[in-house]
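Each ligand, and each atom within it, is numbered from 1 in the order the structure gives.
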Amino acid sequence: MVSPQENSVSAIEWRDDSLWLLDQRLLPLEEVWLQHQDVDAVVASIRDMVVRGAPAIGITAAYGVVIAARNRRNEDAYHWLDLVQQDIDALAASRPTAVNLFWALDQMRRALARLSDDEDPVVQLLREAKSIHEADLAANHTMGKLGAGLIAQYNMPARGVITHCNTGSLATGGYGTALGVIRSAWEQKLIDRVFAGETRPWWQGARLTAWELTKDAIPTTLMADSVAASLMQQGSISWVIVGADRITANGDVANKIGTYSLAVLAKHHGVRFMVAAPTTTFDMELSNGRDIPIEERGPEEVVAVKGHRLAPENVDVYNPVFDVTPAELIDAIVTEQGVVERPSLAGIAQLMEKPALH
Ligand SMILES: CSC[C@H]1O[C@H](OP(=O)(O)O)[C@H](O)[C@@H]1O
């Protein structure tokens with residue numbers, strides 16, 4: 001059996017001067033890689049969730065800027081920078097909630113601003129995109145260790161954990177955020193079983209987390225999202241461990257729809273609630289979660305399953321795909337720069353001022 005540390009699937013690859021994305025809409029039944037050589041295709045793949053997951057979206061957009069720089073240079077060298085900026089704006093418009101997207105694009109804008117004349121600009125930008133990718137993978141391994149350390153520290157009697165959506169290699173640069181903590185905790189024999197919510201309506205849990213964890217041979221039970229309450233009531237769960245798409249300066253967390261209800265249930269049942277996210281997920285411009293843009297997606301995701309319609313034609317549909325968990329329901333936020341317990345403005349400000357641990 002390959003240990004989880006080595007068996008880190010990647011969903012994003014730069015190969016043959018192209019961006020390749022594993023089409024997560026087809027997993028786990030089909031593993032299809034799509035080649036991307038123009039920015040419109042990258043924008044469409046983020047928007048249509050070929051690739052998804054906050055850090056993965058940012059990494060993908062960074063490679064999208066590399067593609068833009070190369071294509072625009074061949075098209076119109078004189079207006080090159082303006083055209084690339086237009087492409088960056090198109091990438092920024094692909095999905096609204098995950099702040100990693102905007103962080104990565106800002107990093108690429110900074111790289112554009114400091115380009116030197118003595119090297120091909122595309123080579124310089126590709127180096128920046130690859131460093132964003134590699135730093136995310138390193139951050140996930142650091143978070144895995146820190147999160148597992150927290151589980152060891154509290155040494156809760158129950159040995160089961162609940163996770164929601166997909167926060168693994170498919171959602172990041174590799175290894176995962178919440179799934180990185182789970183991989184590390186499993187390696188250290190701190191947990192016995194993972195209970196993965198199916199995560200309606202896009203099924204990230206049933207299709208992606210179940211795929212990743214079974215490939216790692218980590219004992220995993222798939223459940224309908226609504227099972228979580230009675231599972232916690234049975235006393236077999238010590239932690240709920242989730243990822244994040246945007247964390248505000250006071251510790252409010254935007255994450256996949258259903259996260260907030262898990263946090264309320266955890267508080268009621270004495271289950272500890274951990275959020276694992278790199279510092280690229282923090283939006284220090286927002287003092288709280290009230291102003292986080294919450295993406296709403298189309299009704300087709302709710303009324304049908306794999307194209308098979310279940311609901312009547314004339315029903316109205318409400319499909320917000322994220323919710324906001326207030327900081328007071330969160331026991332710990334684990335980042336690559338350290339852990340903030342009982343997150344607050346002061347604790348997060350102190351964390352964000354630290355140099356990177358890895
Ligand atoms: C490691 S962050 C993953 C994060 O992104 C997911 O959203 P989506 O699948 O819509 O991109 C979900 O919120 C996860 O927690």
A.B. asks: Indicate the ring-plane relationship of H141 and Y175, choosing parallel, tilted or perpendicular according to the 30° and 60° boundaries.
C.D. replies: parallel

A.B. asks: Just need the protein heavy atom nearest to atom 12 (C) of ligand 1, so name the residue and atom and give the distance.
C.D. replies: C165 SG, 3.3 Å

A.B. asks: Has ligand 1 got any nitrogen or oxygen that is less than 3.5 angstrom from a nitrogen or oxygen of P55?
C.D. replies: no

A.B. asks: Atom CZ of residue position F102 - does it have more than 12 heavy atoms of other residues, nucleotides or ligands inside 6.0 Å?
C.D. replies: yes

A.B. asks: Specify side chain, backbone, both or neither for F322, according to which of its non-hydrogen atoms lie closer than 4.0 Å to ligand 1.
C.D. replies: side chain

A.B. asks: Strictly by modelled atom types, are Y63 and H36 linked by a side-chain donor-acceptor pair under 3.5 Å?
C.D. replies: no

A.B. asks: Which of the atoms of ligand 1 are close to R95, meaning less than 4.0 Å from one of its heavy atoms?
C.D. replies: 8 (P), 10 (O), 11 (O)

A.B. asks: Is the cationic atom of R272 (NZ for Lys, CZ for Arg) positioned less than 6.0 Å from the six-membered ring centroid of Y154 and within 45 degrees of its normal?
C.D. replies: yes

A.B. asks: Heavy-atom contact check, 4.0 Å cutoff: does E295 meet ligand 1?
C.D. replies: no

A.B. asks: Could you check whether atom CD of E285 has more than 12 heavy atoms from other residues, nucleotides or ligands sitting under 6.0 Å from it?
C.D. replies: no

A.B. asks: Below 4.0 angstrom from a heavy atom of T172, which ligand 1 atoms are there? Numbered from 1 as shown, please.
C.D. replies: 1 (C)

A.B. asks: Tell me the contacting part of Q204 for ligand 1: side chain, backbone, both, or neither, using a 4.0 Å heavy-atom threshold, strictly below.
C.D. replies: side chain

A.B. asks: Can you find a non-hydrogen atom of A98 under 4.0 Å from ligand 1?
C.D. replies: no

A.B. asks: Tell me yes or no: between the side chains of D76 and H79, is some donor less than 3.5 Å from an acceptor?
C.D. replies: yes

A.B. asks: Have a look at R52, R246, R297 and point out the one with the heavy atom closest to atom 9 (O) of ligand 1.
C.D. replies: R52

A.B. asks: Number the atoms of ligand 1 from 1 as they appear, then name those within less than 4.0 Å of a heavy atom of K256, with their elements.
C.D. replies: 7 (O), 8 (P), 10 (O), 12 (C), 13 (O)

A.B. asks: Just need the protein heavy atom nearest to atom 11 (O) of ligand 1, so name the residue and atom and give the distance.
C.D. replies: G53 N, 2.8 Å

A.B. asks: Below the 3.5 angstrom mark, is there an N/O of D245, backbone or side chain, next to an N/O of ligand 1?
C.D. replies: yes

A.B. asks: Taking heavy atoms and a distance under 4.0 Å, where does H164 meet ligand 1: side chain, backbone, both or neither?
C.D. replies: neither

A.B. asks: Only heavy atoms of T177, strictly under 4.0 Å: list the atoms of ligand 1 that pass.
C.D. replies: 1 (C)

A.B. asks: Donor-acceptor pair, distance only, cut-off 3.5 Å: does the side chain of R246 make one with the backbone of A98?
C.D. replies: no

A.B. asks: Any N or O on T167 sitting closer than 3.5 Å to an N or O of ligand 1?
C.D. replies: no

A.B. asks: Yes or no on salt bridge (Lys or Arg N to Asp or Glu O under 4.0 Å) for R70 and D17, after CA distance, side-chain angles and deciding distance?
C.D. replies: CA-CA 10 Å; R70 181 193 58 205; D17 209 21; 3.3 Å; yes

A.B. asks: Short list, please: which atoms of ligand 1 are under 4.0 Å from a heavy atom of N255?
C.D. replies: 12 (C), 13 (O), 14 (C), 15 (O)

A.B. asks: For Q24 and L170, indicate whether the former's side chain and the latter's backbone hold a donor-acceptor pair under 3.5 Å.
C.D. replies: yes

A.B. asks: Are more than 12 heavy atoms from other residues, nucleotides or ligands located less than 6.0 Å from atom CZ of R110?
C.D. replies: no

A.B. asks: For L21, which of V51, V42, I46 qualifies under side-chain contact (heavy atoms from CB on, under 4.5 Å)?
C.D. replies: V51

A.B. asks: With only distance considered, is N166 within less than 3.5 Å of ligand 1 through an N or O on each side?
C.D. replies: no

